[in-house]
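To start, the structure under review is shown below, and the notes come after it.
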Amino acid sequence: MPRDPRFDVLFEPVRIGPVTAPNRFYQVPHCTGMGYRRPRSLAALREMKAEGGWGTVCTEYTSIHPSSDDEPYPTGSLWDDEDIDWQALMVDKVHAHGALAGVELWHGGPASANLYSRETPLGPSSLPAGINDPVQTRAMDKADIRELKRWHVDAALRAQRAGFDIVYVYAVHFYLLHHFLLPSNQRSDEYGGSLENRARLLRELIVETKEAVGDTCAVAVRFSASSGGDDNDQDTAEPREMLELLSDLPDLWDITVHDYSYEMGTSRFVKEAGLETTMSWVKSVTDKPVVSVGRFTSPETMLRLVRQGVIDLIGAARPSIADPFLPQKIAEGRDDEIRECIGCNICYIGDQTGTPIRCTQNPTMGEEWRKGWHPENIPVKGSDAKVLIVGGGPAGLEAAVSLGKRGYEVTLAEARRELGGRVTLESALPGLAEWARVRDWRLNQIGKLPNVEFYRESVVDEEQILEFAADRVVIATGAKWRRDGMGRWHEAPIPGWDAPSVITPDDIMEGVMPTGPVVVFDDDHYYMGGVIAEVLRRAGLDVTLATPANEVSTWTKLTEEQYRIQAKILGLGIVLETGTAMTRVGEGSVTLESIHTGQTKEVEAATVVMTTSRLPQDALYHALADRIAIQRIGDCDAPGTIATAVYSGHRYAREMDTEVPIGVPFRRE
Ligand code: ADP
Ligand code: SF4
């Protein structure tokens with residue numbers, strides 16, 4: 001189908017200083033958990049974006065000097081000439097598809113504890129460094145500032161030699177330059193105090209970087225549009241004054257805010273185009289092109305923002321991760337095939353843990369080089385085997401789509417009327433509606449595959465599977481929350497767990513509305529405990545959320561939403577009992593015990609919701625395991641995230657009738 005001519009504007013070239021972006025699709029710098037440690041994986045990942053039509057593809061934060069090291073998180077680096085070759089690897093691959101390559105030069109300043117390099121952290125003043133690390137920065141003197149400028153210019157020159165087209169000056173996210181800009185910078189010299197003084201270092205770096213590489217490279221500035229950086233704090237006065245001061249100095253403004261949980265907020269808290277109101281003034285104070293992000297997956301939204309003069313370039317990290325081929329799909333009028341990001345931030349845990357990036361929607365993310373997986377292409381089938389998949393959750397649906405694309409004849413049986421499994425149930429919980437995209441994209445794809453058929457409301461048993469006589473059977477029957485309270489803290493069932501007052505999140509998702517007061521016991525630590533507490537509180541019940549962790553939903557620190565969840569829980573008036581185990585379920589009450597002091601207390605509870613761990617629904621698998629060619633995937637194999645279920649379904653489909661390496665299942669750098 002030809003593309004809607006209205007979208008032609010998205011494919012117009014945009015001049016950025018001495019270079020020209022071939023279209024408006026701009027992959028802003030984003031982390032991958034690969035950095036200098038995994039350069040081949042990284043180059044292949046970035047290449048995929050360029051192949052998919054992103055006109056500009058940037059690196060992650062790229063350290064200019066050992067005094068800015070972020071270990072254990074692998075950053076990019078341009079510390080010396082040895083870094084040039086591996087950076088060029090990515091540049092060449094991006095250029096091969098006609099895209100521009102950008103590098104985000106970075107000095108972490110107080111954000112870097114320098115655990116690897118052991119260099120002294122640097123800051124405008126003596127500030128706490130790292131993330132609660134018991135070290136501080138040295139207050140930079142004039143010699144330090146001169147050195148910093150030299151490092152930046154040297155790194156820019158190396159970037160130019162590696163072939164980059166765009167070089168960043170990175171002035172946000174509480175890294176070094178941002179600390180110079182903040183009102184807290186009260187240095188007594190010309191680099192602190194007044195607004196003009198605080199902006200001086202940024203100005204000098206823009207000028208000197210342009211002098212060094214501006215003949216061939218555009219110089220971009222990444223900058224915060226708000227002082228508070230929080231969606232409740234729309235104070236843009238000071239950033240506006242600063243931007244006016246620097247207005248046309250750089251070749252491109254990359255506008256964001258400095259609170260990551262807002263800038264890249266999960267869909268539970270921030271919707272598409274979330275930064276629009278905060279940054280819509282920027283183009284009125286500069287003639288230079290502006291790029292900004294907003295988890296854009298709708299071409300209509302992109303078009304509107306360009307037309308309204310809010311942005312010139314469609315910035316994207318997550319939408320380009322979930323679908324590296326998003327621009328190509330719009331170009332070809334296949335917008336309905338865009339694999340839309342669901343805003344879960346599973347991709348961010350790679351950065352947060354120093355491990356390769358993965359994505360819920362796109363199981364090939366991070367596997368481009370080490371497994372040779374391509375998000376759009378999959379090898380044709382290796383046999384005429386007929387496949388029966390039992391269970392239509394994310395694992396079963398992904399296996400069906402990918403096997404179908406390979407050309408296998410696939411039958412999928414799902415017990416319920418609605419396909420989607422846990423995704424369908426969980427997307428009905430507050431804030432999680434966009435998660436349904438995991439199901440919807442797959443159903444849309446299946447609709448285009450004549451060789452995949454599915455049966456709803458078909459509870460399949462052992463006999464029916466045998467009768468169906470498929471060549472391969474895939475069990476994707478998922479998992480259920482356990483009622484007995486066993487999990488990370490309690491290794492044995494909690495006494496009294498089998499009382500009728502004890503239910504699980506599955507019951508709530510099936511529509512059970514219990515009587516209050518309710519105690520939600522969360523030993524899972526991801527989103528479920530907090531979301532269930534929210535559902536019950538919004539229904540007007542008195543709710544206590546007890547957890548052995550020292551904060552609610554502690555794992556969501558990695559998805560950058562823990563603070564927001566805790567604020568929501570407390571704001572709703574849910575009583576939070578942290579550092580707390582549950583030692584007994586009684587009649588109308590539970591016994592809670594402090595994991596720190598052992599002190600106990602009785603809390604009234606007409607209902608207890610156990611949110612601790614899950615039991616794989618693997619009875620069918622075990623009944624047939626020795627009798628037919630059968631495999632389990634997804635939560636039925638091992639309960640995990642939606643991302644792990646999708647990955648498991650995809651892997652099954654990829655590996656069928658292929659020779660899977662024995663031992664390490666992927667290439668290593
Ligand atoms: P996963 O995350 O691994 O995909 P889910 O729990 O989301 O797992 O989905 C499992 C799906 O399997 C659910 O939709 C469930 O209704 C379905 N299911 C479970 N047992 C059977 C069965 N015996 N026959 C058909 N479908 C089943
Ligand atoms: Fe979007 Fe989630 Fe994929 Fe990240 S992991 S790109 S948030 S779908």
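Note that ligands are numbered from 1 as they come in the structure, with each ligand's atoms numbered from 1 the same way.
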Taking only heavy atoms of [X] into account, list the atoms of ligand 2 that are under 4.0 Å away from them.
X      : result
Ile321 : 6 (S)
Asn345 : 2 (Fe), 7 (S)
Thr360 : 3 (Fe), 5 (S)
Gly343 : 1 (Fe), 7 (S)

When you measure from the side chain of [X] to the backbone of [Y], do you find a donor-acceptor pair of N or O atoms at a distance under 3.5 Å?
X      : Y      : answer
Glu534 : Ile569 : no
Ser613 : Met486 : yes
Asp484 : Pro493 : no
Thr62  : Glu60  : yes
Gln361 : Asp323 : no
Thr477 : Cys636 : no
Ser553 : Thr556 : no
Asn23  : Gly53  : yes
Arg406 : Arg654 : yes

What do we get for [X] next to ligand 1 when only non-hydrogen atoms under 4.0 Å count, side chain, backbone, both or neither?
X      : answer
Val390 : side chain
Ser458 : backbone
Leu397 : neither
Pro394 : both

For [atom], closest protein heavy-atom neighbour:
atom                    : result
atom 12 (O) of ligand 1 : Gly391 CA, 3.2 Å
atom 8 (S) of ligand 2  : Ile342 N, 3.4 Å
atom 23 (N) of ligand 1 : Val460 O, 3.0 Å
atom 6 (O) of ligand 1  : Gly478 CA, 3.3 Å
atom 7 (O) of ligand 1  : Arg422 N, 2.7 Å
atom 2 (O) of ligand 1  : Asp635 OD2, 2.6 Å
atom 26 (N) of ligand 1 : Ala415 N, 3.0 Å
atom 10 (C) of ligand 1 : Ala476 O, 3.3 Å
atom 6 (S) of ligand 2  : Arg318 O, 3.4 Å
atom 1 (Fe) of ligand 2 : Cys341 SG, 2.4 Å
atom 20 (N) of ligand 1 : Thr477 CG2, 3.2 Å

### Task
May I ask you to check if any N/O/S atom from Cys347 comes under 2.8 Å of atom 3 (Fe) of ligand 2?
no
May I ask you to list the atoms of ligand 1 that are less than 4.0 angstrom from any heavy atom of [X]?
X      : value
Gly421 : 7 (O), 9 (O), 13 (C), 14 (O)
Arg416 : 16 (O)
Gly634 : 3 (O)
Ala645 : 2 (O)
Ala413 : 25 (C), 26 (N)
Leu620 : 23 (N)

Kindly assign one of parallel, tilted or perpendicular to the pair [X] and [Y], based on the angle between their ring planes and the thresholds 30° and 60°.
X      : Y      : answer
Tyr175 : Trp106 : perpendicular
Trp435 : Tyr527 : perpendicular
Trp54  : Phe25  : perpendicular

### Task
Could you point out which residue of Arg268, Arg295, Arg318, Arg439 forms a salt bridge (Lys or Arg N to Asp or Glu O under 4.0 Å) with Glu434?
Arg295
### Message
Under 3.5 Å between any N/O of Val459 and any N/O of ligand 1: does that happen in this structure?
### Response
no
### Task
Ignoring angles and geometry beyond distance, decide whether Ala395 reaches within less than 3.5 Å of ligand 1 through its nitrogen or oxygen atoms.
yes
### Message
Quick check on the 6.0 Å ring-centre criterion: do Trp373 and Phe666 meet it?
### Response
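Ring-ring flag for Trp373/Phe666: false, centres at least 6.0 Å apart.
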### Message
Measuring centre to centre across the rings, with the benzene-like ring taken for any Trp, is Tyr61 within less than 6.0 Å of Tyr170?
### Response
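Centroid separation for Tyr61 and Tyr170: 6.0 Å or greater.
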### Query
Do any N/O/S atoms of Cys344 come under 2.8 Å of atom 2 (Fe) of ligand 2?
yes
### Query
Is there side-chain contact between Arg472 and Tyr408, with at least one heavy-atom pair below 4.5 Å?
no
### Task
Give a yes/no on ligand 1: does Glu414 have at least one heavy atom closer than 4.0 angstrom to it?
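Right, Glu414 reaches ligand 1.
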### Query
How about Cys359: does one of its N, O or S atoms come closer than 2.8 Å to atom 1 (Fe) of ligand 2?
no
### Query
Any chance the side chains of Glu398 and His650 put a donor and an acceptor closer than 3.5 Å?
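Glu398 vs His650: donor-acceptor pair found between side chains.
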### Message
Would Arg483 pass as a cation-pi partner of Trp497, given that its NZ or CZ must be under 6.0 Å from the six-membered ring centre and within 45 degrees of the axis?
### Response
no
